[in-house]
Amino acid sequence: MAAHRKSAHRKPKQRPFTGPAARTAATLALAGAATATSAGGAGAAPAEPAPTAAQVRAKVDRLYHDAEVATEKYNGAKEKEAAATRAVDALADEAARRTDRLNTARHTLGSMATAQYRTGTLDPALQLALSSDPDSYLERAAHLDRAGDRQTSLLSNIRRQLSGIARVKARADQETEALAARRAELDKHRTAIRTKLADARTLLATLTAAERAAYERAADAAHGGGPATSADGSTAHPDRAVTGAHADRSAPRASVAAPNSRAARAVSFAHGAIGKPYVWGATGPNAFDCSGLTQAAWKAAGVSLPRTTYTQINAGQRVSRSELAPGDLVFFYSGISHVGLYIGGGQMIHAPRPGAPVRIAPIDQMPFAGATRVA
């Protein structure tokens, strides 16, 4: 009996798997081991490899280009914001003038009412009956009628003034809403520019000194001419011009003559700007962005250009690349995000990017998008 109870608790002997059962067991064991390894190593996955210097340089270039695209949008938004501000100010002035006229009309009407109250009046028929001189009375009545007509005219004028002021105030409210939208758009583009430039600085900081020097040489070759002021893409506030960024102002001038005196003055101004720093949103005299430089150059020639690259391209007659003459505006990239001033010989003067001063560069270093002859 005891022996029987002991054998009842003894574990049965396991038989080894053979044939298909053995293969199935092995497969399950391997799968379980792989799952365990994957689960156990999930938190210790190898980090992504650091980007190469070439990848960093390519990304920095894209960030600078994106920042320039955002800069032109910022310039356009700033122009619209300025126009909206002028509209609001003009409507405020108009409302003030209308209110002054309304107050004058009210004062005149009040004076007339006071005078009538002080003198008092009898019923016109009774006055005529009691008058010893009917002719004089009729003459006075005619004056009273004219005064009444004047009073009626004043009341009508006051009603018109009130209606006009209400319309002006409604327009002012609309323009104020538009101004708020323009300022929000301005802030959005300003933030985008600063973010992209900060990202570019962060990426450049990951390069070694030798890699950064190589990047600067490549950037100089791409944008033409002398050394950039810095590699970090630093910039100043767009509304405050800065000095610095001394590039070679003695660069030889193009031998091709400008087609007219205004184009010659624009080219001369651009030569005088060589070495001044790129600052996004700047239009001179101490710093420029790309469209700010071309606008200032033609302003010196007595011609008013719009503010942005995508509006400047429509500010004159389109010309082909083979027809280029000094003073023409040359545009780059599919989004028309960069512009320079052609000076002849396949060269232009432009403001390249943050950290790179105004300089002479070949026009074939960027994707050519078109050209415009201003005058």
Side-chain angles (χ1 to χ4, degrees), residues 68 72 75 219-228 241 243 245-279 282-333 336-353 356-375:
E68 188 166 44
E72 291 306 310
N75 292 337
D220 290 340
H223 293 97
T243 58
H246 302 292
D248 185 7
R249 292 176 179 271
S250 63
R253 303 201 174 206
S255 59
V256 181
N260 55 61
S261 59
R262 284 184 296 183
R265 288 198 294 273
V267 170
S268 178
F269 179 95
H271 273 284
I274 290 174
K276 293 186 177 182
Y278 178 105
V279 173
T283 58
N286 299 316
F288 301 91
D289 62 20
C290 68
S291 57
L293 174 64
T294 51
Q295 184 187 52
W298 273 101
K299 183 179 180 180
V303 177
S304 178
L305 288 184
R307 178 64 181 92
T308 65
T309 52
Y310 49 85
T311 51
Q312 287 183 6
I313 196 170
N314 297 315
Q317 176 188 354
R318 296 288 186 91
V319 293
S320 67
R321 186 166 179 164
S322 62
E323 298 172 315
L324 286 173
D328 290 347
L329 303 177
V330 284
F331 299 89
F332 304 91
Y333 300 103
I336 318 297
S337 60
H338 191 74
V339 62
L341 189 76
Y342 190 69
I343 59 173
Q347 304 284 308
M348 67 176 172
I349 297 175
H350 73 144
R353 60 174 176 82
V358 176
R359 57 181 58 171
I360 295 174
I363 65 171
D364 60 1
Q365 294 288 356
M366 288 179 284
F368 186 82
T372 293
R373 183 157 298 154
V374 177

Side chain of [X], backbone of [Y]: donor and acceptor closer than 3.5 Å?
X    : Y    : value
K276 : P285 : yes
Q317 : R373 : no
Q312 : S291 : yes
W298 : A263 : no

Heavy-atom side-chain contact between [X] and [Y] under 4.5 Å:
X    : Y    : answer
R262 : V374 : no
V279 : F288 : no
C290 : R353 : no

With rounding to the nearest 0.5 Å, note down the distance linking [atom1] in [X] to [atom2] in [Y].
X    : Y    : atom1 : atom2 : value
L329 : Y342 : CG    : OH    : 13.5 Å
S304 : Q295 : OG    : CD    : 6.5 Å
I360 : I274 : CD1   : CD1   : 4.0 Å
M348 : L293 : CE    : CG    : 10.5 Å
I349 : T294 : CD1   : OG1   : 12.0 Å
I363 : L341 : CD1   : CG    : 12.0 Å

Subject >> Evaluation steps, salt bridge (charged side-chain N to carboxylate O under 4.0 Å, His left out), between R321 and D328 >> reply: CA-CA 10 Å; R321 186 166 179 164; D328 290 347; over 6 Å; no
Looking only at heavy atoms, what is the nearest atom pair of [X] and [Y], with distance?
X    : Y    : answer
A266 : A301 : N-CB, 4.0 Å
P326 : A258 : CB-CA, 3.9 Å
A371 : V330 : CB-CG1, 4.2 Å

Original post:
Just one of N314, T311, T308, I313 clears the side chain to side chain contact (heavy atoms under 4.5 Å, CB included) bar with I336, so which one?
Top reply: I313
**OP:** Could you label the plane-to-plane angle of the F332 and H338 rings as parallel, tilted or perpendicular, counting under 30° as parallel and over 60° as perpendicular?
**Re:** tilted
Subject >> Between S320 and E323: side-chain donor-acceptor atoms closer than 3.5 Å >> reply: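 S320 vs E323: donor-acceptor pair found between side chains.
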**OP:** Take D289 and Y278 through the side chain to side chain contact (heavy atoms under 4.5 Å, CB included) test and state the conclusion after the steps.
**Re:** CA-CA 5 Å; D289 62 20; Y278 178 105; 3.8 Å; yes
